[in-house]
Amino acid sequence: MFTKAIVKTPCKNMANGISTANLGKPDYSLALKQHKNYIQAIKKCGLKVIVLDPDENFPDSTFIEDVCLITPKCAIITNPGAASRRDETIQISKTIKELDLPVENIQNPGTLDAGDIMMVKDHYFAGLSDRTNIKGASQLNLILKKYGLTSSTISLKSVLHLKTGISYLENNNLLAFGEFLTHPLLSDFNIMAVDPDESYAANSVWINGNVLVPKGFPKTCKMIKNAGYQTIEVDVSEFRKLDGGLSCLSLRF
Ligand code: CIR
């Protein structure tokens, strides 16, 4: 069960965020509207939402998931792999200090984006990507160990972050596409295969029995619904233009 979430309002400068999507520049007023709807959706799942102010210095800072990993035992401030995102951690550190949790840090030369980390009960899968290096993943492993938690790594081939390609929906159900469908390290999961033409929807988010699914991916939404979940479709088209998905927009804990 999650009870809280932290989100960060997108800034006007989001138009200058990192992107490989080739879908054009995001429309800021539409992005603001979609962000508000996203907050409503996660509130509907029972979360109390802390909303942080926009920060024009960091175009990608609305993708708050990447800068911190909150576990039930500790919060880990990451060291984002993209240079332009490195100092997003300063603001989140201030917010995290106010929570009643021990705080840990990933440090140079280790880099880690928490979009690469997928929690499955007490175990954390860490994607090795262009953003998360082996040193970052090893630091994470040592930190988690202190708190009785475990982790393992998965090397990524084609996706930005691990959770771009897979999402854990609890009850051993794993939403996946492409390189993850037959991955040996994931073979114990009940794999729910996302159609290649809906691959963006592989980033869906389980919150307290509900699953947030990006709007516009009907086959995936139906598959999740048929598996017994309550689905909530959320339009995040403007965030997709910056390679961001549903999970990146919040820290849930
Ligand atoms: C970036 O490239 O860092 C942002 N434009 C998108 C981050 C998306 N975050 C995520 O998948 N966890």
Side-chain angles (χ1 to χ4, degrees), residues 5-28 31 34-35 38 42 52 54-70 76-92 106 111-119 124-133 136-137 140 154 156-168 175-180 194 199-207 212-214 217 234 236-253:
I6 306 175
V7 300
K8 191 167 174 70
T9 305
C11 62
K12 283 199 191 81
N13 200 18
M14 73 183 290
N16 295 313
I18 307 168
S19 178
T20 59
N22 259 322
L23 294 171
K25 293 274 183 200
D27 173 327
Y28 183 57
Q34 292 181 345
H35 198 257
Y38 179 88
I42 61 177
L52 304 182
D55 185 342
E56 297 298 336
N57 295 313
F58 298 104
D60 286 301
S61 51
T62 191
F63 302 114
I64 192 165
E65 174 180 65
D66 293 321
V67 296
C68 183
L69 176 70
I70 307 184
I76 302 163
I77 306 292
T78 69
N79 190 26
S84 65
R85 303 200 58 189
R86 212 38 76 82
D87 288 343
E88 285 179 29
T89 51
I90 296 168
Q91 165 66 53
I92 194 70
I106 303 293
T111 64
L112 188 139
D113 282 12
D116 275 321
I117 312 301
M118 183 178 77
M119 176 179 80
Y124 292 77
F125 288 91
L128 297 178
S129 66
D130 286 348
R131 304 291 178 85
T132 298
N133 63 20
L140 175 75
I154 296 190
L156 308 188
K157 294 189 194 120
S158 65
V159 292
L160 171 62
H161 286 121
L162 179 66
K163 282 185 290 187
T164 315
I166 51 177
S167 303
Y168 186 55
L175 200 59
F177 87 98
E179 67 192 73
F180 303 104
V194 173
S199 60
Y200 180 71
N203 182 270
S204 290
V205 183
W206 180 94
I207 306 177
L212 263 52
V213 186
F217 302 90
V234 186
V236 282
S237 64
E238 301 317 289
F239 301 95
R240 186 183 183 194
K241 291 175 180 171
L242 298 176
D243 301 338
L246 280 171
S247 73
C248 329
L249 291 175
S250 61
L251 289 168
R252 304 158 297 280
F253 57 105

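Just follow the structure's listing: the first ligand is 1, and inside any ligand the first atom is 1.
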side-chain hydrogen bond (donor to acceptor under 3.5 Å, both in side chains) with Asp116: which of Thr78, Thr111, Thr164, Thr132? Thr132
Aromatic plane relationship, Tyr200 with Phe217 - under 30° parallel, 30 to 60° tilted, over 60° perpendicular: tilted
Identify, chain by chain and in numerical order, each protein residue with a heavy atom under 4.0 Å from an atom of ligand 1. Ile18, Asp60, Phe63, Glu65, Asp66, Arg85, Gly115, Arg131, His161, Leu242, Asp243, Gly244, Cys248
Determine, for Glu88 against Lys8, whether the closest basic-nitrogen to carboxylate-oxygen distance falls under 4.0 angstrom. no
Which word best sums up how the rings of Phe180 and Phe177 line up, parallel for under 30°, tilted for 30 to 60°, or perpendicular for over 60°? perpendicular
Arg131 versus Ser129, side-chain donor and acceptor atoms under 3.5 Å: no
Check Lys163 against Glu65 and note the closest heavy-atom contact, atom names and distance. NZ-OE2, 2.8 Å
